[in-house]
Amino acid sequence: MNAVFPGSFDPITNGHMDVLTRAAKIFDHVTVTVMHNARKQGRHLFSLEERLAILHEATAQLPNVSVDSFSGLLVDYMRQQGKGIIVRGLRAVSDYEYELQIAHLNRQLGEVETVFIMAATRWSYVSSSMAKEIASYRGEIGSMVPLASAEALRRKYAELEAGR
Ligand code: PNS
């Protein structure tokens, strides 16, 4: 059975990587899909192309994982893909309410099932937002995100600081 792991991935964290690695052991194939909306591009630090490049590098060692992107409703993407299962990660109970709402909406909109995978507790405080916040002050993020994300974050904030 195939699965789709959707998200913003701005950028991918070790928590995402943990969930993805676990999903890749359960499912035959997992597609990591950057869900993007051109109108909301300004909300993200990285462009779609940058996020895809980071994902390609970070997932290169996972043979049954591929990377994709989609602009639109997740259920439409799932339909195009010939259905499958949505995988979402849970770090803590606080994630659950939001995730439950999305899972029910996706089931109502497109009869798609969602499977939740718990990230290891060591990642429960790690998020893309926190990694960006820390990186923006040149803090150490090497233990929170994969190397590809860490390098991209350092590069991005150095460029922003230099006014490029
Ligand atoms: O990484 P995120 O930001 O928590 O991911 C949320 C995401 C992208 C999976 C969710 O916002 C999404 O599926 N967006 C696509 C639009 C959609 O289908 N919306 C209806 C369900 S919320």
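Atoms within a ligand are numbered from 1 in the order they appear, just like the ligands themselves.
Taking the six-membered ring wherever Trp is involved, the centroid distance between the rings of His16 and Phe9 falls below 6.0 Å.
Taking a cutoff of 4.0 Å between a charged side-chain nitrogen and a carboxylate oxygen, Lys132 and Asp10 qualify as a salt bridge. Salt bridge absent: Glu111 and Arg79 never bring a charged side-chain N and a carboxylate O closer than 4.0 Å.
For the pair Leu20 and Val65, the minimum side-chain heavy-atom distance is below 4.5 Å.
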Provide, line by line, the atom pairs where ligand 1 and the protein bring an N/O atom each to a distance under 3.5 Å; else say none.
| residue | atom | partner | partner atom | Å |
| --- | --- | --- | --- | --- |
| ligand 1 | 1 (O) | Ser8 | N | 2.9 |
| ligand 1 | 3 (O) | Ser8 | OG | 2.6 |
| ligand 1 | 4 (O) | Arg88 | NH2 | 2.9 |
| ligand 1 | 5 (O) | Arg88 | NH1 | 3.3 |
| ligand 1 | 18 (O) | Leu74 | N | 2.8 |

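For the atom pair CZ of Arg51 and OG of Ser8, the computed distance is 6.5 Å after rounding to the nearest 0.5 Å. Note: Arg107 CZ to Glu113 CD = 4.5 Å, rounded to the nearest 0.5 Å.
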